[in-house]
Engineer: 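First, the structure itself, so that you have it in front of you.
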Amino acid sequence: EVDAMMSSVERHFGQLDVLINNAGIIQVGPPELMQEDDYERTMEVHFWGPLYVMEAALPLMRRQGGGRIANVSSIGGRIPVAHMLPYSASKFALAGLSQGMRAALAGENIYVTTVFPGLMRTGSPINAQIRGQHEVEYAWFSIAGSLPGLTISAKRAAKKIVDACRYGDAELVMPLQYRIAAVGRALFPELAADVLGLMERALPSSSGDDDENDLRTGADSTSRLSPSVLSSLGDRAAARNNEI
């Protein structure tokens, strides 16, 4: 399918200037409930997918003498995110692949940018895959993805990604508070690990109920907390971005 896509691009446009790998899935829940399938699915989407597309795109870019590639990892690819272990692990893998590709391609006028966005108001929590106390997990995740001081809009993020591609930046971490957090983790790894541990313990653990192993979507995990006024920005983004 990737080879067919690249052939279609070459026939229609004659060249390939920019490739942006932006596909993603999210699983939310306690680490002890995550299954091997959860890790495999996220690796397929976040690691193998971008690798396949880059491998198919590089011959075109080499023939034309250059190009730009942006791989959208996540702040979860720099700092492990509580209750999103398969997601973070696969985003770390994508970050390593992307940064290694940049080094390998630097002499060929092909610039690879690794993008580390924080929480984005895309409305995607409604399609998140959730294990554990489904309603509670969805509530904290969807509300966190709606808060204006903690999130960035998809439109603003897209503009920054395009600019980073244009200038061939090595990486983009956005918004500012996440850049500060990434620097803080690099400078103070022990303190960062302690803080992350506290965040992990603050979230709901498994209660032992049999249905907690079930994988449900956010749409199947709603409660009086979400959707509500607390998740309103994310809910509007879900409608705007065709997530519903």
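The model shown is predicted, which means the values in this text are computed figures rather than measured ones. Throughout, residue positions are numbered sequentially from 1 according to the sequence presented.
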Engineer: Could you tell me which residues satisfy side-chain hydrogen bond (donor to acceptor under 3.5 Å, both in side chains) with Ser207, sequence neighbours excluded, listed by chain and number?
Structural biologist: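 Once residues adjacent in sequence are excluded, the partners of Ser207 under the side-chain hydrogen bond (donor to acceptor under 3.5 Å, both in side chains) criterion are Asp209, Glu212.
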Engineer: Compare all side-chain heavy atoms of Glu137 with those of Ser221 and state whether any distance is below 4.5 angstrom.
Structural biologist: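 Not in contact.
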Engineer: Is the backbone of Val81 close enough, under 3.5 Å, to the side chain of Ser88 for a donor and an acceptor to pair up by distance?
Structural biologist: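 It does hold such a pair.
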Engineer: Determine whether Pro50 and Leu94 make a side-chain contact, defined as any pair of heavy atoms from C-beta on separated by less than 4.5 Å.
Structural biologist: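 Yes, their side chains come closer than 4.5 Å.
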Engineer: Looking at every heavy atom in both Arg68 and Asn109, which two are closest together, and how far apart are they?
Structural biologist: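 Minimum heavy-atom separation between Arg68 and Asn109: NH1-O, 4.3 Å.
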Engineer: Using distance alone, with no hydrogens and no angle criterion, decide if Asn127 and Ser124 have a side-chain donor and acceptor under 3.5 Å apart.
Structural biologist: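 No pair is found: no donor N or O on one side chain lies under 3.5 Å from an acceptor on the other.
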Engineer: Of all heavy-atom pairs between Val2 and Tyr52, which one has the smallest distance, and what is that distance?
Structural biologist: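 The pair with the smallest heavy-atom distance is CG1-O, 3.7 Å.
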Engineer: Can you tell me if Arg121 uses its side chain to pair, donor with acceptor, with the backbone of Gly234 under 3.5 Å?
Structural biologist: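 No: the side chain of Arg121 does not pair with the backbone of Gly234.
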Engineer: Sort out for me which residue in Ile69, Ile110, Leu51, Asn71 forms a side chain to side chain contact (heavy atoms under 4.5 Å, CB included) with Met101.
Structural biologist: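 That would be Leu51; it is the only one of Ile69, Ile110, Leu51, Asn71 passing the side chain to side chain contact (heavy atoms under 4.5 Å, CB included) with Met101.
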Engineer: Look up atom OG in Ser153 and atom CZ in Arg240, then write down how far apart they are to the nearest 0.5 Å.
Structural biologist: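 Ser153 atom OG to Arg240 atom CZ measures 8.0 Å (nearest 0.5 Å).
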Engineer: Between Glu171 and Arg78 (salt bridge meaning N to carboxylate O under 4.0 Å), is one present in this structure?
Structural biologist: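 Yes, charged N to carboxylate O under 4.0 Å.
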Engineer: Not counting sequence neighbours, which residues clear ring pair (Phe, Tyr, Trp, His ring centres under 6.0 Å) with Tyr87? List them please.
Structural biologist: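 In terms of ring pair (Phe, Tyr, Trp, His ring centres under 6.0 Å), with neighbours along the sequence ignored, Tyr87 is linked to His46.
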Engineer: Is it true that Asp163 and Lys160 have a side-chain N and a carboxylate O under 4.0 angstrom from each other?
Structural biologist: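 No, no charged N to carboxylate O under 4.0 Å.
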Engineer: Counting distance only, does the side-chain N/O of Ser226 pair as donor-acceptor with the main-chain N or O of Ser228 below 3.5 Å?
Structural biologist: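 Here the side-chain-to-backbone pair does not exist.
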Engineer: Search all heavy atoms of Met61 against all heavy atoms of Asp17 and return the closest pair with its distance.
Structural biologist: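 Scanning both residues, the minimum pair turns out to be CE-O, 4.0 Å.
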Engineer: Rounded to the nearest 0.5 Å, what separation is found between the CG atom of Leu60 and the CZ atom of Arg62?
Structural biologist: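 It comes to 11.0 Å.
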Engineer: State, to 0.1 Å, how close Gly149 and Gln177 come at their nearest heavy-atom pair, and which atoms those are.
Structural biologist: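 Smallest heavy-atom distance, with atoms named: O-NE2, 2.7 Å.
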Engineer: What closest approach, in Å, do Leu233 and Pro148 show between heavy atoms, and which atom pair accounts for it?
Structural biologist: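 Shortest heavy-atom separation between Leu233 and Pro148 comes out as CD1-CD, 3.8 Å.
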Engineer: Closest heavy-atom contact between Ser73 and Ala95?
Structural biologist: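 Smallest interatomic distance, heavy atoms only, reads OG-CB, 4.1 Å.
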Engineer: Do Glu190 and Arg185 sit within salt-bridge range, that is, some charged N less than 4.0 Å from a carboxylate O?
Structural biologist: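 Result for this pair is no, no salt bridge flagged.
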Engineer: Is the closest side-chain heavy-atom distance between Pro80 and Phe92 below 4.5 Å?
Structural biologist: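 In short, these two side chains touch, coming nearer than 4.5 Å.
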Engineer: Starting from Ile152, walk the hydrophobic network (Ile, Leu, Val, Met, Phe, Trp, Tyr; side-chain heavy atoms closer than 4.5 Å) and list everyone else you reach, by chain and number.
Structural biologist: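 Noted: Ile152 shares its cluster with Val18, Ile20, Val72, Val115, Met120, Ile161, Leu172, Met174.
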